[in-house]
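So that the names make sense, note that chain A is the first sequence line, chain B the second, and so on, each numbered from 1. Model, not experiment: these values are computed from the prediction.
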Amino acid sequence: MNNYNDERYFIDSDTLSPEALERKHRIETDPSARSNHMEYMKGMEVIKSDIHDKVMGHVDSVDFSKYTARDVKAALEHDTCTVEDFKALLSPAAAPFLEQMAQKAKLETSKHFGNTVYFFTPLYIANYCENYCVYCGFNCYNKIKRMQLSMEQIEHEMKVIADSGMEEVLILTGESRAKSSVEYIGEACKIAHKYFRMVGVEVYPMNTDEYKYLHECGVDYVTVFQETYDKDRYEQLHLLGHKRIYPYRFDSQERALMGGMRGCGFSALLGLSDFRKDALASALHVFYLQKKYPHAEMSLSCPRLRPIVNNDKINPLDVHEKELCQVLCAYRIFMPFVGITVSSRESKEFRNGIVKIAATKISAGVSTGVGDHEEKYKKDECKPRTTEENARAAETGGNAAATESEDAGGDEQFEINDSRSLNTMYKDISDEGLQPVLNDYLYV
Amino acid sequence: MENDKLVIGGHEFNSRFILGSGKYSLKLIEAAVKYAGAEIITCAVRRANTQDHENILDYIPKSATLLPNTSGARNADEAVRIARLARELGCGDFVKIEIMRDTKYLLPDNYETIKATEILAKDGFVVMPYMYPDLNCARDMVNAGAAAVMPLASPIGSNRGLSTKDFIQILIDEIELPIIVDAGIGKPSEACAAMEMGAAAVMANTALATAGDLPRMAAAFKSAIEAGRNAYLAGLGRVLSRGASSSDPLTGFLRD
């Protein structure tokens, strides 16, 4: 075992058969029992791309310990931030310069985005998943309440969200092609296109022709998180399923752009591996794809690990708020034109602060469960489960109440940390002297 | 000065300050109209495409001329569709064409802009193309039916002022249509300099939007633009004019 203490991720459900448990333990403990994560599976499109080698050429050779305060100061003084400058800003040597980095990041943000903050909300339409990603609440071995919304339910959820004033939606599923087919997602997107000005998806990676189909259904933005760019860690964390195939996931955004999407989103899940290397890789992934597809609109997210249903031991390790802020400031200084999204995994205080420095987009009225917006929106708040409530859910096989009232929906992917409704968020952001924007987009 | 009108597509304006669309707020539009004297206000159609209670279209006074822009368009076809949508939304016949296929620098695509200019001019729009200051492209835009030409002063967000000054001067000297300097004007002094050069008008937004005292900065732009225009009309003295003139004639030795 490695020093990441991966055992904390492993939870055995009492509903698993002895055979299933045996298989689960085998793939957890014996790498030779797992498939080759670098080998494409049948049906996965292979594109000839140079992006991976360009990105990982930097990531594999970087030594963050070599950067000094002098390098950081030089990076802060340069008009244009080079890749070397960016590495210095991500290094431990930049920690004492966090305030100066924030000042410079704020200036760059205001030059390119003014004082605007864009709002969106995620909508989970299914939480079935065929993968065993050990840190994720949706993983196939985790005993949670599974659900997939019908088209009628999807339309109802969307209406509830649209009635709250939201104009941009991000449609998510667990990663199960069998349960949530491309056509199922496409039909959901067609409905979304009726209710929202902007529709994005965060679903399993697809082939170019499938992205083209989704684009025709009204989708213009595709988000795929690589989770970690470290191939060895990727192999240790994604033990089963399509998601295990690292290179197919890496090229998702490029296939989406080839399929005609306007833009795409990127991220590593900070806390899975060396966060500085993952931050470097995420940004360079954007940097090189932007050079290749200069018309594309790119955005970066910065999620940190959160506790999940049945496992409250999951945390982002050494990525504290200061480190997260450092990463976000470095992103902004390196790529002033890129959108930066901060999820509800972070606290209200952090999100209120970071939109004044570097972030340009935040989610509001968030539920990471399935089919529970009406219940949650009634209270003008998307109250998440607490860790204690999740523990109770585990005891009752994932069927415990998500809130104090009856839970009709599927379980959540992770615990959120900021449950503000759109109205509350709109007011809070305005009170910070910023300008909330619900839409700045046309589907053409 | 009373007869010194800005004429775009047969429409006359007294003010030579045009409010850009980058950052908007009720306060900004009020200040631009009241203190900078703006009669033309730009708005991004994609930004007006909202149910939000703060729709920019609700902010713009009836007396102002709305100049919808096609930001978000990546080619001529998309720009044409956005312009037609603007017309359907009741934004009138003016349109500023913005076509970018580069999200990093947001530089306009002159080639696609020429194509869109031709289609929209034939469609009866008063077309104002935003462009990189290139003389050949500007001529093509004129031939395509543009009502004005809008060269950028420097890349958006760069705060570098008139970094394309020499090329804008060529457009002013060679193009018969109004040349309206757009993007990059960060200070009243830069607006004044553009007007001294002979620009017909100046467009700005961020310079006002980010000012400490919005009404005062709006008034400063008004004064600067008027000063520059007056200087241009007065004919610049030799100190400021382009090229040098010797106090003793170089050809004084010639006898017959």
Side-chain angles (χ1 to χ4, degrees), chain A residues 79-80 106-116 118-119 162-168 195-198 220 257 260-264 286-287 289-299 334-339 422-423 426-427 429-430 433-444, chain B residues 20-28 43-56 68-86 89 99-107 109 112 154-160 183-184 186 205-210:
Chain A
D79 278 347
T80 304
K106 181 185 170 66
L107 189 67
E108 294 296 340
T109 306
S110 69
K111 281 199 300 192
H112 288 262
F113 295 90
N115 63 350
T116 52
Y118 297 86
F119 285 176
D163 284 348
S164 78
M166 193 62 80
E167 297 188 12
E168 178 176 340
Y195 287 94
F196 300 95
R197 306 282 166 147
M198 222 260 265
D220 244 345
L257 294 175
M261 294 289 176
R262 176 178 281 262
C264 42
V286 174
F287 180 75
L289 262 188
Q290 201 278 334
K291 280 187 184 295
K292 195 168 177 179
Y293 301 89
H295 64 277
E297 293 175 15
M298 310 286 195
S299 68
F334 181 49
M335 289 187 291
F337 56 94
V338 158
L422 172 61
N423 278 340
Y426 200 104
K427 186 179 176 305
I429 293 298
S430 302
L434 300 167
Q435 193 181 129
V437 177
L438 293 173
N439 182 54
D440 183 20
Y441 168 78
L442 273 175
Y443 182 84
V444 285
Chain B
S21 69
K23 295 118 194 154
Y24 75 87
S25 68
L26 184 56
K27 275 186 189 166
L28 175 63
C43 87
V45 178
R46 64 175 177 171
R47 190 69 172 270
N49 179 38
T50 181
Q51 302 292 328
D52 189 357
H53 53 275
E54 295 204 345
N55 192 326
I56 187 172
N69 74 33
T70 64
S71 66
R74 293 161 295 183
N75 52 49
D77 178 49
E78 291 182 356
V80 167
R81 280 149 68 189
I82 294 171
R84 288 176 179 158
L85 177 66
L89 289 170
I99 301 176
M100 288 125 178
R101 50 183 174 137
D102 177 283
T103 56
K104 185 172 182 180
Y105 300 102
L106 297 176
L107 290 173
D109 181 330
E112 290 290 317
S154 59
I156 290 174
S158 68
N159 288 352
R160 293 199 188 277
N205 174 292
T206 311
L208 268 72
T210 56

Residue selection (most heavy-atom pairs with chain B, distance under 4.5 Å) from Pro336(A), Pro294(A), Ala296(A): Pro294(A)
Residues Asp79(A) and Arg160(B) bridged, charged N to O under 4.0 Å: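 Here Asp79(A) pairs with Arg160(B) in a salt bridge, since their nearest N and O are under 4.0 Å apart.
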To the nearest 0.5 angstrom, please state how far the [atom1] atom of [X] sits from the [atom2] atom of [Y].
X         : Y         : atom1 : atom2 : value
Phe287(A) : Lys104(B) : CZ    : NZ    : 5.0 Å
Leu106(B) : His112(A) : CG    : NE2   : 8.0 Å
Glu78(B)  : Arg262(A) : CD    : CZ    : 5.5 Å
Asp102(B) : Lys291(A) : CG    : NZ    : 10.0 Å

Lys292(A) NZ: over 12 foreign heavy atoms closer than 6.0 Å: yes
Within 6.0 Å of CZ in Arg81(B), more than 12 heavy atoms from elsewhere: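 Correct, the count exceeds 12.
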Residue pair Gln290(A) / Thr103(B): nearest heavy atoms and the distance that separates them: NE2-OG1, 3.2 Å
